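Everything below concerns the one structure shown next.
Remember, it's a predicted structure, so these values are computed and weren't measured experimentally.
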Amino acid sequence: MNKPDVLVTGPYPPWDMEPLEAQFSVHKLWEAADRSAFIAAHADKIKAIATRGELGVNADLIGALPHLEIISCYGVGTDAIDLNAARARMIKVTNTPDVLTEDVADIAIGLMLSIARQMPKADAYVRSGNWRKANMPLVTRVCGKRLGVIGMGRIGAAVARRAAGFDMKISYCNRYVRSDVAYPCANSIVDLARHSDFLIATVAGGAATAKLIGAEVFDALGEQGFFINVARGSVVDEAALIDALNQNKIAGAGLDVFLNEPNIDERFFTMENVVLQPHHGSGTIETRKAMGNLVRANLDAHFAGQALLTEVK
């Protein structure tokens, strides 16, 4: 029996590539010297794409594969996948929600603690020997402070659960008021920021949320407020964020995501009021293995004629 042909847009860890190659006929796009020629040579065979959230699948690639049936994405975000082009061809799209929720919520809380308590700076303070000369300057408490969550989806709710353990006063802003959430819902992000000490973005990326968080939000958050982003770099007006940090309009930021990753704006490198992470919210062995399993499980279900586990509607 012939194995289904799958185009893989970028490498997965070995523990995912090995079973993927055992189950499917894998075509590795990232190894091609001439991507267009490679796609043209294999286009008539390929029935599935396995991609990663940051790589996505554009309309041109979809259009070049006449027999494409499914796109299975390693990641929860589908903003880099042209969903309209896929739907026009009735191509199924799946992602990997839930399995990464807890890890991303962990990193959001970790960034909040790191920037408020200045943990990277404290580590450097000890290593430099400065502690022997004088005590480190005081930092900011987290416990009991006001937390605003932008986007009360799976990750936002998980962040709120963790923050409740710090006795924080939690509120949120969402596309709609969630009846299953006890926290107050703000009328706008600006209003949420105005009543927050910490503002955490967990909202989905894409055109609908591009530059959702800008100068007005940072002005409302104020010089004592901290901003944390574990969503997408695109949801922030990055120029406004850099200005707010440079001008001390906000106290600091903890960032796991940026525009133009990994070639991010180098002005972040010299800022002492930011903590930077390399888009690593889901970057644990346990979660990445679960994500890879779900990518393959969706492909298996599709080619077996079964219901998809996590179809993007």
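- For the pair Phe269 and Ile264, the minimum side-chain heavy-atom distance is below 4.5 Å.
- Salt-bridge check for Asp123 with Arg127: passed, with a basic side-chain N closer than 4.0 Å to an acidic carboxylate O.
- His27 and His42 have tilted rings, their planes meeting at an angle from 30° to 60° on a 0 to 90° scale.
- Salt-bridge formation is detected for the pair Arg161/Glu102: a Lys NZ or Arg NE/NH1/NH2 atom is positioned less than 4.0 Å from an Asp or Glu carboxylate oxygen.
- Both Val236 and Leu276 are members of a single hydrophobic cluster when ILVMFWY side chains are connected at heavy-atom separations under 4.5 Å.
- When the shell of 6.0 Å around CD of Glu21 is examined, it contains more than 12 heavy atoms from other residues, nucleotides or ligands.
- With a 6.0 Å radius and a threshold of 12 heavy atoms from other residues, nucleotides or ligands, Glu266 has its CD atom at or below the threshold.
- Side chains of Arg296 and Asp16 form a contact here, defined as non-hydrogen atoms less than 4.5 Å apart.
- Contact annotation: the side chain of Lys47 never approaches that of Ile70 to less than 4.5 Å [non-hydrogen atoms, C-beta and beyond].
- For Asp243 (side chain) and Ala239 (main-chain N/O), no donor-acceptor pair under 3.5 Å exists by modelled atom type.
- Residues His280 and Asp256 have side chains that never bring a donor and an acceptor to within less than 3.5 angstrom of each other.
- When all heavy atoms are compared, the tightest approach of Ala105 to Ala158 is CB-CB, 3.6 Å.
- Looking at heavy atoms from C-beta onward, Leu65 lies out of side-chain contact with Asp44 at the 4.5 angstrom threshold.
- Heavy-atom minimum distance, Ala163 versus Leu147: CB-CD2, 3.3 Å.
- Here the shortest heavy-atom pairing between Tyr12 and Thr51 reads OH-O, 2.7 Å.
- Listed by first and then second residue, the ring-ring contact (aromatic ring centres under 6.0 Å, His included) pairs involving residues 153-202 are Phe198-Phe226 (not counting sequence neighbours).
- Counting only N and O atoms by type, the side chains of Thr94 and Thr310 include no donor and acceptor under 3.5 Å apart.
- Side-chain contact between Val8 and Leu20: present, with at least one pair of heavy atoms (C-beta onward) separated by less than 4.5 Å.
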Could you walk me through whether Gln118 and Met136 satisfy the side-chain contact (heavy atoms from CB on, under 4.5 Å) test, starting with their C-alpha distance in whole Å, then the side-chain angles of each, then the deciding distance to 0.1 Å, before giving a yes or no? CA-CA 10 Å; Gln118 294 292 308; Met136 181 177 160; 3.8 Å; yes

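- The existence of a salt bridge linking Asp197 and Arg146 is confirmed by a sub-4.0 Å separation between a basic side-chain nitrogen and an acidic carboxylate oxygen.
- Looking at every heavy atom in both residues, Glu261 comes nearest to Val257 through OE2-CA, 3.1 Å.
- Within the 3.5 Å criterion, the main-chain N or O of Gly151 finds a donor-acceptor partner in the side chain of Thr202.
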Trace of the side-chain contact (heavy atoms from CB on, under 4.5 Å) decision for Ile213 with Phe218: CA-CA 8 Å; Ile213 303 161; Phe218 298 127; 3.8 Å; yes

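- Nearest heavy atom pair, residue Ile39 against residue Ala64, reads CG2-CB, 3.9 Å.
- At a threshold of 4.5 Å between non-hydrogen side-chain atoms, the residues Val295 and Thr96 count as touching.
- The minimum heavy-atom distance linking Pro120 with Ser114 is given by the pair CD-O, 3.7 Å.
- For the pair Asn273 (side chain) and Leu245 (backbone), a donor-acceptor distance under 3.5 Å is present.
- The local environment of NZ in Lys45 is crowded, with over 12 non-hydrogen atoms from other residues, nucleotides or ligands closer than 6.0 Å.
- Residue pairs satisfying the salt bridge (Lys or Arg N to Asp or Glu O under 4.0 Å) criterion with at least one member in residues 63-92, sequence neighbours excluded, are listed as follows: Asp79-Arg232, Lys92-Glu311.
- Looking at Thr209, its side chain does come within 3.5 Å of a backbone N or O of Ala204 through a donor-acceptor pair.
- In this structure, Gln247 contributes its side chain and Ala244 its backbone to no donor-acceptor pair below 3.5 Å.
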Working note: Leu113 + Met119, criterion side-chain contact (heavy atoms from CB on, under 4.5 Å); need CA distance, chi angles, decisive distance, verdict. CA-CA 8 Å; Leu113 290 167; Met119 291 180 177; 4.2 Å; yes

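- Taking the side chain as every heavy atom from C-beta outward, Asp106 and Asp103 approach each other to under 4.5 Å.
- Side-chain contact between Arg288 and Ser282 is present, with at least one heavy-atom pair separated by less than 4.5 Å.
- Under the 3.5 Å distance criterion, the side-chain polar atoms of Asn260 are left unmatched by any main-chain donor or acceptor of Asn263.
- A donor-acceptor pair under 3.5 Å is absent between the side-chain atoms of Thr287 and the main chain of Thr284, judged by distance alone.
- Under 3.5 Å, the side chains of Arg117 and Thr140 contain no donor-acceptor pair of N or O atoms.
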CA sep, side-chain torsions, deciding dist, call: Ile71, Ile62, side-chain contact (heavy atoms from CB on, under 4.5 Å): CA-CA 9 Å; Ile71 299 167; Ile62 291 171; 4.1 Å; yes

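- Atom CG of Asn187 sits in a sparse spot, with 12 or fewer heavy atoms from other residues, nucleotides or ligands closer than 6.0 Å.
- With Ser196 contributing its side chain and Leu199 its backbone, the two residues share no donor-acceptor pair below 3.5 Å.
- Proximity of a side-chain donor or acceptor of Asp237 to a complementary backbone N or O of Gly214 within less than 3.5 Å is not detected.
- Within the 3.5 Å criterion, the main-chain N or O of Val177 finds no donor-acceptor partner in the side chain of Asn174.
- Crowding of Trp131 atom CH2: a count of heavy atoms from other residues, nucleotides or ligands under 6.0 Å not exceeding 12.
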